[in-house]
Structure formats: C-alpha cells, structure tokens
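Please read the structure below before turning to the comments.
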Amino acid sequence: MKPGPSKKVAEAVALYLYSKRGEDLAANTLYKHKLTLSRLESFCDGQGLLFIKDVTLHHLSTWRAHWTFESPLAKQNNQERVKRFFQILL
C-alpha cells in the first residue's frame, strides 16, 4: 500500500507507520519512526502543507536546517528515516 501524492500528510504518515508495524521491527525502532514523522507532520502543519504532494525539497531542507540534534549521527538517522518515507511515494 503506497500513499499516493494526493494523500494528506497525516494519512501518508499513518499508512507508513502501519506498514512499518507489519515489519516486526523492535519497539524502539518503531518509536523512532513515529517520532521523526510526527516532527515532520508538525513542521508541515506550521507551514500550511496539507498534502504530501506539496512538500518540496526546499521545505525539507528548511526543516532540516532547524533540527537541534547535538549528534551528527542523530541527524543522519533522522534524515534516513525521512528519505525512506518519501521513497515509498515514488
């Protein structure tokens, strides 16, 4: 089940997390996916982005520039989770 480009951000996130739960991932891994994508949802809400098709690279770059993670590894891991989320949209 792929979230199409006409899906709302919240719907796409919910569908993605549903899919991840089916992969028998560790609870901590699922939590990290949920946390990252809830941050993405909050950012999109703040930017007035309702549909996933409206999220651009510029938006994502702006969001990433405001991350406050102290660890470069944390930034990299969050970026990888976001990339995987958007890869399923293709």
Going from [atom1] on [X] to [atom2] on [Y], what distance comes out if it is rounded to the nearest 0.5 angstrom?
| X | Y | atom1 | atom2 | answer |
| --- | --- | --- | --- | --- |
| N28 | Y31 | CG | OH | 8.5 Å |
| N78 | F69 | CG | CZ | 3.5 Å |
| K8 | D54 | NZ | CG | 12.0 Å |
| T29 | N77 | OG1 | CG | 10.0 Å |
| E70 | K75 | CD | NZ | 10.0 Å |

What verdict does the side chain to side chain contact (heavy atoms under 4.5 Å, CB included) test give for K34 and K20, after you've listed the backbone C-alpha separation in whole Å, the side-chain angles of each residue and the deciding distance to 0.1 Å? CA-CA 10 Å; K34 184 176 180 179; K20 284 295 176 188; over 6 Å; no

Step by step, would you call Y16 with V13 a side chain to side chain contact (heavy atoms under 4.5 Å, CB included)? CA-CA 5 Å; Y16 181 80; V13 167; 5.7 Å; no

Under a 4.5 Å side-chain heavy-atom rule over Ile, Leu, Val, Met, Phe, Trp and Tyr, are [X] and [Y] clustered together?
| X | Y | value |
| --- | --- | --- |
| I88 | V55 | yes |
| L35 | F43 | no |
| W67 | L49 | yes |

Could you tell me whether the side chain of T36 reaches within less than 4.5 Å of the side chain of F85, counting heavy atoms only?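 Not in contact.
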
Under 4.5 Å between any side-chain heavy atoms of T62 and H66, yes or no? yes

Any donor-acceptor N or O pair under 3.5 Å, side chains H59, T56: yes

Residues at least two apart in sequence or cross-chain that pass side chain to side chain donor-acceptor pair (under 3.5 Å) with R21, listed by chain then number, are none

Expected output: side-chain S19 to main-chain L15 donor-acceptor under 3.5 Å: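 Not confirmed, S19 side chain does not pair with L15 backbone.
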
